[in-house]
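Starting from 1, each residue takes its place in the sequence as its number. The structure displayed is predicted, hence computed values, not measured ones.
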Amino acid sequence: MARFGLVLWDSILSFMWVWASALVKLFVYGYLELGHRPEAEILKISLGVLYMFFFAWLGEVTRGGSYNPLTVLSYAFSGNLDRFLFTALGRIPAQVIGSIVGVRLIKAIFPEIGQGPRLSVDIHRGALTEGLLTFMVVMVSMGLKKKDPKSFFMKTWISSIAKITLHILGSDLTGGIMNPASIGPEIFLAPENSNSIHSIC
């Protein structure tokens, strides 16, 4: 029963994650119409940090619920076969399904929303860039898990700033997705060539 609850929460958090990302962009670009102004980037980063704290808190409340397949898969590799199979066949599909359902609903409600980030380099460089960024995200997540800082605020702050920094570094090349569940469903309402936060793991 506990495992079913975890799978359900994974799906719900993934659904909420794509909505949080889309609503931030709608607010900044659609409602406030800030465009390429520096205030837009500052506001997006601030809101990004806030909703990452919110999702980190949800992860604690749900006792392990997650929206990112990479983090749960990395922990599964360090466990036994049973944990790996549960993650690969239960949790990850639930996260992907939650993301897809969330995006389909967003597109139905907000048809004016744009498409996902575009690759501005060749596919090999793009794959290498995303691979390196994703590797760093996993290393940060596992490092914080191993060190296990007692302060929830400090742990989440370090994770949030690291992910935002890595995203910005890769945003001009690949969009800095760093989340397999977001590659297909990722959407945004940012002006073209904007260094917006498309998806933060």
Side-chain angles (χ1 to χ4, degrees), residues 13-60 65-71 95 99 102-103 106 110 112-121 126 129-145 149 151-183 185-201:
L13 290 182
S14 299
F15 176 90
M16 293 173 62
W17 178 259
V18 295
W19 267 89
S21 179
L23 290 177
V24 166
K25 295 167 190 63
L26 281 170
F27 178 68
V28 174
Y29 292 115
Y31 181 72
L32 298 180
E33 298 182 349
L34 293 179
H36 290 284
R37 294 163 61 182
E39 297 93 318
E41 300 303 319
I42 294 172
L43 181 58
K44 279 189 302 171
I45 290 173
S46 301
L47 292 174
V49 171
L50 284 176
Y51 75 67
M52 278 193 282
F53 266 90
F54 175 67
F55 278 91
W57 175 77
L58 286 177
E60 294 287 332
S66 176
Y67 55 86
N68 191 343
L70 288 173
T71 54
Q95 291 169 335
S99 298
V103 168
I106 291 170
F110 304 107
E112 72 278 9
I113 253 178
Q115 299 299 315
R118 294 172 177 83
L119 192 65
S120 60
V121 294
T129 301
E130 279 295 313
L132 290 173
L133 293 174
T134 302
F135 175 77
M136 293 303 298
V137 167
V138 172
M139 291 299 293
V140 169
S141 299
M142 294 193 71
L144 289 173
K145 186 77 172 180
S151 171
F152 170 79
F153 175 84
M154 185 58 64
K155 179 179 179 179
T156 308
W157 175 256
I158 294 172
S159 176
S160 301
I161 296 303
K163 290 173 183 177
I164 288 176
T165 302
L166 290 170
H167 170 80
I168 292 173
L169 289 174
S171 60
D172 283 338
L173 301 176
T174 65
I177 296 173
M178 302 176 291
N179 184 343
S182 298
I183 291 175
E186 177 58 27
I187 54 179
F188 69 110
L189 187 63
E192 196 169 317
N193 298 325
S194 171
N195 294 330
S196 60
I197 297 178
H198 300 307
S199 174
I200 306 173
C201 287

With side chains defined as the heavy atoms from C-beta onward, is the minimum distance between Trp157 and Met52 less than 4.5 Å? no
Working to the nearest 0.5 angstrom, can you tell me the gap between Ser141 OG and Asn68 CG? 7.5 Å
Looking only at heavy atoms, the pair that brings Val140 and Ser159 closest together is CG1-CA, 4.4 Å
Give the minimum heavy-atom separation between Ile106 and Ala22, together with the two atoms involved. CD1-CB, 3.7 Å
Contacts of type ring-ring contact (aromatic ring centres under 6.0 Å, His included), residue Phe27, not counting sequence neighbours: Tyr31
Can you confirm whether the side chains of Lys25 and Ser21 place a donor and an acceptor under 3.5 Å from each other? yes
Going by side chain to side chain donor-acceptor pair (under 3.5 Å), name the residues that satisfy it together with Glu60, two or more places apart in sequence or in a different chain. none
Might you work through the side chain to side chain contact (heavy atoms under 4.5 Å, CB included) test for Ser99 and Val103, ending with a clear yes or no? CA-CA 6 Å; Ser99 298; Val103 168; 5.6 Å; no
Starting at CD1 of Ile168, measure out to CD of Glu41 and round the result to the nearest 0.5 Å. 7.5 Å
Does the side chain of Val18 reach to within under 4.5 Å of the side chain of Tyr67, using non-hydrogen atoms? no
Contact summary for Lys163 and Val137, nearest pair of heavy atoms: CE-CG1, 4.2 Å
Would Leu34 and Lys44 satisfy side chain to side chain contact (heavy atoms under 4.5 Å, CB included), going step by step from the backbone distance to the final call? CA-CA 11 Å; Leu34 293 179; Lys44 279 189 302 171; over 6 Å; no
When Leu132, Ile161, Leu133 are each screened for side chain to side chain contact (heavy atoms under 4.5 Å, CB included) with Leu166, the one that passes is Leu133
Excluding sequence neighbours, so at least two apart, what forms ring-ring contact (aromatic ring centres under 6.0 Å, His included) with Phe53? Phe153
When rounded to the nearest 0.5 Å, the distance separating OG1 of Thr156 from CZ of Phe54 is 13.0 Å
Roughly how far, to the nearest 0.5 Å, is the OG atom of Ser160 from the NZ atom of Lys155? 11.5 Å
Apply the test side chain to side chain contact (heavy atoms under 4.5 Å, CB included) to residues Met16 and Phe55: give CA-CA distance (whole Å), side-chain angles for both, the deciding distance (0.1 Å), then the verdict. CA-CA 9 Å; Met16 293 173 62; Phe55 278 91; 3.8 Å; yes
